[in-house]
*Asks:* 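My structure is below; once you've seen it, I'll send some questions.
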Amino acid sequence: MASTRAAAIILVAFICGTVHHNPAAAVKVDTTGLSFNFYENTCPHVELIVEFLVGEFIREDAGLAPALIRIFFHDCFPQGCDASVLLNGTASEQKEIPNQTLRPAALKLIEDIREVIHKVCGPVVSCADILALATRDALVDAGGPSYAIPLGRRDGLAPALPNITNTLPAPFFTVPVLIKSFGDRGLNVTDLVALSGAHSFGISHCPSFKDRFDPVNDNNPAIDPKFAETLKAKCAGDNPAGTVTQKMDVRTPDVFDNKYYFDLIAKQGLFKSDQGLVVHPATNRTAIRFALNQGAFFDQFAKSMVKMSQMDVLTGTQGEIRNNCAVPNKPADIETTAPTEDEGLANEM
C-alpha cells in the first residue's frame, strides 16, 4: 500500500497540474448547508483525487468496496455523517458490538486518502467528505450506480456514545423493527429495502447469521433447507467464533447488482433481517420490483445514499477538519491508538 500511495501522490500532482475543473452550470444547494461546488476554489480536484485513489486501492483489494459502504452506513446512521466512526481510542465507536467487524484496512484507506488530499490542497477537506466520496467511488468500481453528492461536511469532535452507536440495525431484526429503526432516522420503507441491497456483496461472520440454522432451521422467515445445511456445515469449523466467513450474496458475491433480491426470493438471504424483506407485506413489492428491475434498484439506491449522506451533518463552523482521520485535533476524553489489520468479531449489518 505504501508504494501505491507514493505513486498516487506523484500522479495526483500531475492530474492537478493538467486537468481543468469544469463545474456544473447549475449548482444546487441543499438545506443542510452542503453544496455540489463546495471545494471549487479550495480543492477543485478533490473528486478526481478520491476517484483515482479508491480505484488504485480496490484494484489491490476488491473487498474494500463493501467494507467502505458498511463504514459509511455505520458512520451516518447513529449520529450523522461526521466521520466519528473513524476515531480510535478507549471510547471509539469501533469497540461497540455493531462495529467490531469494520475492516481496519478500509478505515485506514480514508486516512491514506486524506494524507494525499491535504498535501495537494492543504487541510481544507474533511474526513467526512472523503468517506462520502470514497464510498460512492467504491460502489461504482464494484459495478454500482454513480451519483452526485453534495459536500461541505465537517468532522465530529468525539465518538458517538455507546447507546447511540447501538441503535444500528441488527441482522436479527424483524421487518417491523427495521421500519421503526430506519423511520427514527428519517429513512422510509423504500430507503430500507434499497439500502439493504448493500448486502449484494461483502462477507459476514458466522455469529451474525447462526440464528438462521441453530438450533433448528429458521422458519420465520423460512430459509432454504439446503442453504441452511451448507451454512451449518461451514460454521461447524468456526473456532474461535467469528473466524469463518460467508459471502453475503451466493450468486454474484463480488459485484454490486440486484442478485441479492434473487437470493431473498430463493430463501437464501443470509440475515433474518434480509430474508424478511421479501416476506413482509410492507416491503415485499419493493423487494420483488428491485429483483426484476436492476435499473429501478440502482436509481433508488443512489437516491437513498444521497439522502443518508445528509443526515445530521456538521457544517460551517461546527466540528472541525481533522489533521488525522483517527484523531481529533482537539482531543476529547479518548485515548488514540494506531489502526491494525486485526478484525473484531461481532454482529453485523
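Counting begins at 1 with the first residue of the sequence.
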*Asks:* Just by distance, do the side chain of His205 and the backbone of Pro207 share a donor-acceptor pair under 3.5 Å?
*Replies:* no

*Asks:* Within a 6.0 Å radius of atom NZ on Lys259, are there more than 12 heavy atoms belonging to other residues, nucleotides or ligands?
*Replies:* yes

*Asks:* Should Asp312 and Arg185 be marked as a salt bridge (charged side-chain N to carboxylate O under 4.0 Å, His left out) after you check the CA-CA gap, both sets of side-chain angles, and the distance that decides it?
*Replies:* CA-CA 9 Å; Asp312 298 327; Arg185 298 299 287 126; 2.9 Å; yes

*Asks:* Could you measure the distance from the CZ atom of Phe38 to the CG atom of Asp129? Nearest 0.5 Å is fine.
*Replies:* 7.5 Å

*Asks:* Measure the spacing between OG1 of Thr190 and CZ of Arg289 and express it to the nearest 0.5 Å.
*Replies:* 7.0 Å

*Asks:* Count I, L, V, M, F, W, Y as connected when their side-chain heavy atoms are under 4.5 Å apart, and connections chain through other members. Are Val255 and Phe290 then in the same cluster?
*Replies:* no

*Asks:* Which residue, Asp211, Asp218, Thr174, forms the side chain to side chain donor-acceptor pair (under 3.5 Å) with Lys272?
*Replies:* Asp218

*Asks:* Nearest 0.5 Å, please: how far is CG in Asp191 from CD in Gln300?
*Replies:* 6.0 Å

*Asks:* Would you sort out whether Gln294 and Asp257 count as a side chain to side chain contact (heavy atoms under 4.5 Å, CB included), showing the intermediate values?
*Replies:* CA-CA 7 Å; Gln294 180 165 280; Asp257 57 22; 3.1 Å; yes

*Asks:* Look at the side chain of Arg154 and the backbone N and O of Ser126, then say whether any donor-acceptor pair between them is shorter than 3.5 Å.
*Replies:* no

*Asks:* When you measure from the side chain of Gln94 to the backbone of Val85, do you find a donor-acceptor pair of N or O atoms at a distance under 3.5 Å?
*Replies:* yes

*Asks:* Can you tell me if Lys234 has over 12 outside heavy atoms packed within less than 6.0 Å of its NZ?
*Replies:* yes

*Asks:* Please check if the side chain of Asn37 supplies one atom and the backbone of Glu40 the other of a donor-acceptor pair under 3.5 Å.
*Replies:* no

*Asks:* Of the non-hydrogen atoms in Ser304 and Ala194, which two are nearest, and what is the gap between them?
*Replies:* OG-CB, 4.0 Å

*Asks:* Do Thr42 and Cys121 touch side chain to side chain, with heavy atoms closer than 4.5 Å?
*Replies:* no

*Asks:* Are Leu187 and Ile164 linked, directly or through intermediate hydrophobic residues, by side-chain heavy-atom contacts shorter than 4.5 Å (ILVMFWY only)?
*Replies:* no

*Asks:* So does Ser84 get a backbone contact from the side chain of Asp75, meaning a donor-acceptor N/O pair under 3.5 Å?
*Replies:* yes

*Asks:* Are the aromatic rings of Phe182 and Phe77 close, with centres under 6.0 Å apart?
*Replies:* yes

*Asks:* Are any of the side-chain nitrogens in Arg136 or Glu47 under 4.0 Å away from the carboxylate oxygens of its partner?
*Replies:* yes

*Asks:* Closest approach of Asp249 and Pro253, non-hydrogen atoms and distance?
*Replies:* O-CB, 3.1 Å

*Asks:* With a 4.5 Å cut-off on side-chain heavy atoms, are Leu264 and His199 touching?
*Replies:* no

*Asks:* If only atom types and distance count, is the side chain of Glu111 paired as donor or acceptor with the main-chain N or O of Lys108 below 3.5 Å?
*Replies:* no

*Asks:* Starting from Leu314, can I reach Leu151 by hopping between I/L/V/M/F/W/Y residues whose side chains sit under 4.5 Å apart?
*Replies:* no

*Asks:* If I compare all heavy atoms of Ile203 with all of Lys247, which pair ends up nearest, and what's the gap?
*Replies:* CG2-CD, 4.2 Å

*Asks:* Measure from the side-chain N and O atoms of Arg103 to the backbone N and O of Arg70, and report whether any donor-acceptor pair falls under 3.5 Å.
*Replies:* no

*Asks:* Rounded to the nearest 0.5 Å, what's the gap from CZ on Phe213 to CD on Glu229? Could you check?
*Replies:* 9.5 Å

*Asks:* Take Leu53 and Asp112 through the side chain to side chain contact (heavy atoms under 4.5 Å, CB included) test and state the conclusion after the steps.
*Replies:* CA-CA 9 Å; Leu53 292 177; Asp112 289 340; over 6 Å; no

*Asks:* Under 3.5 Å, is there a donor on one side chain and an acceptor on the other for Glu96 and Asn166?
*Replies:* yes

*Asks:* Can you check whether Val313 reaches Gln318 side chain to side chain, under 4.5 Å on heavy atoms?
*Replies:* no

*Asks:* So Arg212 and Leu270, side chain to side chain contact (heavy atoms under 4.5 Å, CB included) or not? Walk me through it.
*Replies:* CA-CA 8 Å; Arg212 297 287 279 145; Leu270 193 60; over 6 Å; no

*Asks:* Is Tyr147 linked to Val193 within one hydrophobic cluster, defined over Ile, Leu, Val, Met, Phe, Trp and Tyr using a side-chain heavy-atom separation of less than 4.5 Å?
*Replies:* yes

*Asks:* Under 4.5 Å between any side-chain heavy atoms of Phe73 and Met308, yes or no?
*Replies:* yes

*Asks:* Ignoring hydrogens and geometry, is there a side-chain-to-backbone donor-acceptor pair from Gln310 to Val306 under 3.5 Å?
*Replies:* yes

*Asks:* Identify the two heavy atoms, one from Asp238 and one from Cys206, that lie closest to each other, and give their separation to 0.1 Å.
*Replies:* OD2-CB, 3.3 Å

*Asks:* Nearest 0.5 Å, what's the CZ-CZ distance between Phe262 and Arg251?
*Replies:* 8.0 Å

*Asks:* Find out whether Asp137 and Leu68 are in side-chain contact, i.e. whether some heavy atom of one side chain is under 4.5 Å from a heavy atom of the other.
*Replies:* no

*Asks:* Report the C-alpha separation of Val279 and Asn284 in whole Å, then their side-chain angles, then the decisive distance to 0.1 Å, and conclude whether the side chain to side chain contact (heavy atoms under 4.5 Å, CB included) test is met.
*Replies:* CA-CA 6 Å; Val279 176; Asn284 168 268; over 6 Å; no

*Asks:* How close do Asp224 and Ala266 get, heavy atom to heavy atom, and via which atoms?
*Replies:* CB-O, 3.7 Å

*Asks:* Rounded to the nearest 0.5 Å, how far apart are SG of Cys325 and CG of Leu107?
*Replies:* 10.0 Å

*Asks:* For Leu178, does its backbone N or O pair with a side-chain atom of Ser181 as donor and acceptor, under 3.5 Å?
*Replies:* no

*Asks:* Tell me whether Leu161 shares a hydrophobic cluster with Leu87, the cluster being built from Ile, Leu, Val, Met, Phe, Trp, Tyr side chains joined at under 4.5 Å.
*Replies:* no

*Asks:* For the side chain of Asn329 and the backbone of Ile321, is there at least one donor-acceptor N/O pair under 3.5 Å apart?
*Replies:* yes

*Asks:* Counting only heavy atoms from other residues, nucleotides and ligands, does the tally under 6.0 Å from NZ of Lys307 exceed 12?
*Replies:* yes

*Asks:* Quick one: does Asn258's side chain get under 4.5 Å of Ser200's, heavy atoms only?
*Replies:* no

*Asks:* Is Arg114 paired with Asp155 through a side-chain N to carboxylate O contact shorter than 4.0 Å?
*Replies:* no

*Asks:* Can you check whether His118 reaches Pro123 side chain to side chain, under 4.5 Å on heavy atoms?
*Replies:* yes

*Asks:* Mind checking whether Arg153 and Leu131 have side chains closer than 4.5 Å, heavy atoms only?
*Replies:* no

*Asks:* Measuring centre to centre across the rings, with the benzene-like ring taken for any Trp, is Phe256 within less than 6.0 Å of Phe297?
*Replies:* yes

*Asks:* What are the two closest heavy atoms between Ile110 and Ala134, and how far apart are they?
*Replies:* CD1-CB, 3.8 Å

